[in-house]
Amino acid sequence: MVKVKIEFSGGLELLFGNQKQHDVDVPVQEGKQELTAGHLIAWTRDNMLRERPELFVKGHTVRPGILVLINECDWELSGATESTISDGDVVVFISTLHGG
Amino acid sequence: MLNRPKTQEQVCRECFFTAFEEEVHQTIVDNKLFKHGERLAVAASGGKDSTVLAHIMSTLNARYNYGLDLFLLSIDEGITGYRDDSLETVKRNEQQYGIPLKVVSYKELYGWTMDEIVSQIGTKNNCTFCGVFRRQALDRGAVLMGANKIATGHNADDVAETVLLNILRGDVPRLGRCANIITGEDSSLPRVKPFKYAYEKEIVLYAYYKKLDYFSTECIYAPFAARGFAREFIKDLEAARPLAIIDVIRSAEDFVFAAASDEKLPQPRTCERCGYISSQPVCKACVLLEGLNRGMPRLGVSRTRGRRGEKAGLHPDVGRGGGGGSSGPAEVASESAEAASTMPAERQGGGVAQAPAGGEGGAAPTTAGCADDGLPRFEAWASGAAGAGGQTAAEKVARAAVRQRGPVEIVYETT
């Protein structure tokens with residue numbers, strides 16, 4: 001089990017009971033050594049999402065327009081869905097899909 | 001640390017701030033957006049783009065000595081649960097940046113809030129009303145503040161979406177203007193888009209890392225808007241090839257239109273009712289308002305055929321699309337939306353492709369011909385409206401018949 005601090009921003013919190021910060025324990029995927037961001041997303045969708053999955057996920061990744069930061073770093077630098085999530089990591093999902 | 005989509009560089013937070021600010025500064029300098037001593041109204045909605053714009057403008061104005069007098073201008077469309085919350089954010093911005101704020105509302109300008117409009121006309125063409133009204137409201141608000149330029153927070157993604165929407169609708173006049181960084185430069189109130197080349201992702205990350213306070217909920221009527229489809233497509237494009245957004249904008253900048261289409265472009269004149277700049281005898285906002293006040297919600301949205309228009313006692317040009325004018329393709333789009341009402345709901349989209357938050361293109365208003373305070377004199381003609389509104393039973397039957405028949409070929413009327 002990996003302890004992750006998840007934060008939702010940019011309106012995404014509305015899909016998660018209007019709560020921005022969540023402390024969760026995520027199991028590592030079967031047969032894998034470490035938790036990947038892709039698996040975290042799938043787990044979040046299956047266990048935390050209250051409604052409208054299509055507003056959060058598209059295929060195996062987040063909906064285009066949602067930014068992901070792992071420990072304040074852009075996840076594209078660590079391999080996007082292949083990024084490793086370790087114990088105590090902070091993952092932030094920011095939606096850009098609203099008016100400016 | 002982040003990966004900049006435009007350059008694919010990996011940069012740390014501080015370098016990102018510097019790079020982002022420098023690029024906006026370069027955009028401003030290269031395109032000569034400002035002159036020393038100008039009074040600039042920053043269009044602010046409390047959302048991510050306008051909050052970052054207010055921050056960046058006040059930062060750069062101080063750092064590079066632009067010599068600008070800055071103001072915040074906010075429009076209250078009267079959308080409960082959306083606009084009233086975001087206005088709180090702008091009021092906080094006023095405190096944080098020390099920039100005076102002016103709020104202008106649809107209610108005071110037009111006598112209608114968006115909520116009232118939607119309850120009158122439904123959710124299919126409400127974005128048309130909002131876009132047209134907001135554009136004029138920004139101009140009027142700027143005039144009231146004594147500003148001589150407006151800056152909007154349109155970012156690269158927005159401009160790319162607008163280009164696509166205009167291509168999809170075949171709106172040639174708008175297509176030629178929508179990628180311009182300055183619109184209406186020859187008028188008394190030009191508009192500039194300092195963020196034209198700034199990616200939405202970078203704006204959001206800038207705000208996040210700098211802990212800037214912004215409001216982030218979708219307009220409650222947005223799910224019905226056509227722009228949503230363009231946005232989804234642009235986001236998918238960006239995921240596949242991040243430079244695509246800038247490339248779409250560059251393509252639009254390089255469009256050259258055949259000379260023949262220039263002849264059909266309407267010349268700017270002023271509205272007979274309120275004096276606002278218009279390509280038709282009566283400006284779009286007045287046409288839409290006339291429709292609302294008379295209970296004819298399709299007026300200015302769909303084509304008004306000759307007989308119906310005359311029956312309503314309107315000027316013969318009101319409600320018709322003139323030559324390649326900006327209302328022509330709009331009306332065809334609504335017509336096809338209407339005729340295609342048997343198609344699945346997702347394809348119907350929203351009304352006309354208006355650019356977001358304030359619109360683009362065309363020149364700004366002159367104040368000649370307006371009432372003393374520059375506000376439209378709609379009371380006069382609105383009160384003159386007799387109960388000519390509504391459809392006859394025969395028209396309703398005919399319309400129902402069209403819907404049942406299914407999608408039909410659109411025949412362009414020549415007027």
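Quick caveat: nothing in here was measured; it's all calculated off a predicted structure. Because only heavy atoms are used, hydrogens play no part in the values below, and waters and symmetry mates are left out as well, while side chains stay in. Chain letters run A, B, ... following the sequence lines, proteins first, then strands; residues in each count from 1.
- Here CG of Leu14(A) is found 8.0 Å from OG of Ser216(B). Values are rounded to the nearest 0.5 Å.
- In the displayed structure, Lys3(A) atom NZ is contacted under 6.0 Å by at most 12 heavy atoms of other residues, nucleotides or ligands.
- By number of non-hydrogen pairs under 4.5 angstrom with chain A, the leading residue of Ile203(B), Val52(B), Asp157(B), Leu205(B) is Leu205(B).
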Let me have the donor-acceptor pairs involving side chains of residues 19-43 of chain A, under 3.5 Å, with sequence neighbours excluded, atom names and distances please.
{"unit_1": "Gln19(A)", "atom_1": "NE2", "unit_2": "Gln21(A)", "atom_2": "O", "d": "2.7"}
{"unit_1": "His22(A)", "atom_1": "NE2", "unit_2": "Gln19(A)", "atom_2": "O", "d": "2.8"}
{"unit_1": "Asp23(A)", "atom_1": "OD1", "unit_2": "Lys5(A)", "atom_2": "NZ", "d": "3.4"}
{"unit_1": "Thr36(A)", "atom_1": "OG1", "unit_2": "His39(A)", "atom_2": "N", "d": "3.2"}

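- Residues of residues 232-239 of chain B that come closer than 4.5 Å to chain A, counting heavy atoms only, are Glu232(B), Lys235(B), Asp236(B), ordered by residue number.
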Pairs of donor and acceptor atoms involving the side chains of residues 69-77 of chain A, under 3.5 Å and at least two apart or interchain, shall be tabulated with distances.
{"unit_1": "Asn71(A)", "atom_1": "OD1", "unit_2": "Val90(A)", "atom_2": "N", "d": "2.8"}
{"unit_1": "Asn71(A)", "atom_1": "ND2", "unit_2": "Asp89(A)", "atom_2": "OD1", "d": "2.9"}
{"unit_1": "Glu72(A)", "atom_1": "OE1", "unit_2": "Arg13(B)", "atom_2": "NH2", "d": "3.0"}
{"unit_1": "Glu72(A)", "atom_1": "OE2", "unit_2": "Tyr208(B)", "atom_2": "OH", "d": "3.2"}
{"unit_1": "Asp74(A)", "atom_1": "OD1", "unit_2": "Glu76(A)", "atom_2": "N", "d": "3.2"}
{"unit_1": "Asp74(A)", "atom_1": "OD2", "unit_2": "Asn3(B)", "atom_2": "N", "d": "2.9"}
{"unit_1": "Asp74(A)", "atom_1": "OD2", "unit_2": "Lys201(B)", "atom_2": "NZ", "d": "2.9"}
{"unit_1": "Glu76(A)", "atom_1": "OE1", "unit_2": "Asn3(B)", "atom_2": "ND2", "d": "3.3"}
{"unit_1": "Glu76(A)", "atom_1": "OE2", "unit_2": "Lys201(B)", "atom_2": "NZ", "d": "3.3"}

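- Evaluation of the side chain to side chain donor-acceptor pair (under 3.5 Å) rule for Arg45(A) yields no partner, not counting sequence neighbours.
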